[in-house]
Structures are given as C-alpha cells and as structure tokens.
Amino acid sequence: MLNKAMLIGRITRDMELKKSPQNLSVVNFTLVCDSRKDSEPDYINCVAWRNTAEFLVEHCGKGDLIYAEGVIKTRSYENKAG
C-alpha cells in the first residue's frame, strides 16, 4: 500500500515552534496550493516534527513557496455533544 503526498505551495502564515509532551519539536502550518488556474486553491494543513520543524521555523515564513513531501493522515474528533 502506498501513501505519499507531494505538495508545492505557499505558507499561509508565520510558523510557531512548539514542544510536544515528549519534548519533541513540532510545527503546524497550512500550505495553499493552486491546482489549476480555473479552480479554487486548496488549503492543506501540515505538521512537521523534530529537525524539519526547527528548520522550517528558522528559514521559512509567510508567503514562501516550499515543496513538502510526506504521508496523508486523517483524524476524527467527537466532542461531548456527539
């Protein structure tokens, strides 16, 4: 089974480095990717860990065009109201 994503897009806002409960560096950011000129852009939520997270925060910022490669993971959440 193959699960690989390759994205080229612009960072939508400046990134903020955070630490996980296990003291690992993590950054959440959004890429805006234009798939075609005649369609709406896609906004893709991304997460980077450890050295990659530290590199991104130090060298990249809002509006920068980057290439991101990784896997797609989906999550679900159910609040108290169901």
Side-chain angles (χ1 to χ4, degrees):
M1 185 179 302
L2 178 66
N3 181 356
K4 186 172 186 176
M6 296 180 285
L7 303 168
I8 296 175
R10 295 201 179 271
I11 300 169
T12 61
R13 66 187 188 300
D14 285 328
M15 294 180 262
E16 180 182 338
L17 188 67
K18 296 182 180 180
K19 293 288 185 175
S20 72
Q22 296 80 22
N23 203 35
L24 299 174
S25 298
V26 61
V27 65
N28 294 290
F29 61 99
T30 302
L31 285 182
V32 59
C33 303
D34 293 323
S35 55
R36 293 185 308 248
K37 289 183 180 182
D38 61 342
S39 67
E40 292 293 317
D42 294 314
Y43 290 82
I44 311 295
N45 294 322
C46 303
V47 180
W49 293 90
R50 298 182 177 91
N51 294 341
T52 304
E54 293 169 7
F55 178 88
L56 284 169
V57 170
E58 187 174 331
H59 297 287
C60 301
K62 180 179 178 178
D64 287 345
L65 184 67
I66 66 167
Y67 167 79
E69 184 174 314
V71 297
I72 295 174
K73 292 187 178 183
T74 59
R75 296 182 268 183
S76 61
Y77 173 78
E78 187 173 319
N79 65 14
K80 293 178 183 178

Does Glu69 CD have over 12 foreign heavy atoms under 6.0 Å away?
yes

CG of Asn45 to OG1 of Thr12, rounded to nearest 0.5 Å, is 8.5 Å

Taken to the nearest 0.5 Å, the spacing of Lys18 NZ from Asn28 CG works out to 6.5 Å

Contacts satisfying ring-ring contact (aromatic ring centres under 6.0 Å, His included) that involve residues 13-54 (not counting sequence neighbours) are none

Closest non-hydrogen atoms of Thr30 and Arg13, given as atom of the first, atom of the second and distance, are OG1-NH1, 3.6 Å

Listing, residues 71-82 side-chain donor-acceptor contacts under 3.5 Å, not counting sequence neighbours, or none:
from: Asn79; atom 1: OD1; to: Ala81; atom 2: N; distance (Å): 3.0
from: Asn79; atom 1: OD1; to: Gly82; atom 2: N; distance (Å): 3.0

Quiz item: Taking side chain as C-beta onward, heavy atoms only, is Val47 less than 4.5 Å from Val26?
Solution: yes

Scanning both residues in full, the closest heavy-atom pair of Met15 with Leu56 reads CE-O, 3.7 Å

message: Tell me whether Asn3 at atom CG has more than 12 heavy atoms from other residues, nucleotides or ligands lying less than 6.0 Å away.
response: yes

What one should report as the nearest heavy-atom pair of Ile8 and Cys33 is O-SG, 3.5 Å

Could you check whether Lys19 and Ser25, counting side-chain N and O atoms only, form a donor-acceptor pair closer than 3.5 Å? yes

Correct closest heavy-atom pair for Cys60 and Ile66 would be SG-CG2, 4.1 Å

On a heavy-atom basis, the closest approach of Asp34 and Pro41 is OD1-CB, 3.2 Å

Shortest non-hydrogen pair, Leu24 vs Arg50, comes out as CD1-NH2, 3.7 Å

Hydrophobic cluster membership, with links at side-chain heavy-atom distances under 4.5 Å among I/L/V/M/F/W/Y: are Leu65 and Ile11 in one?
no

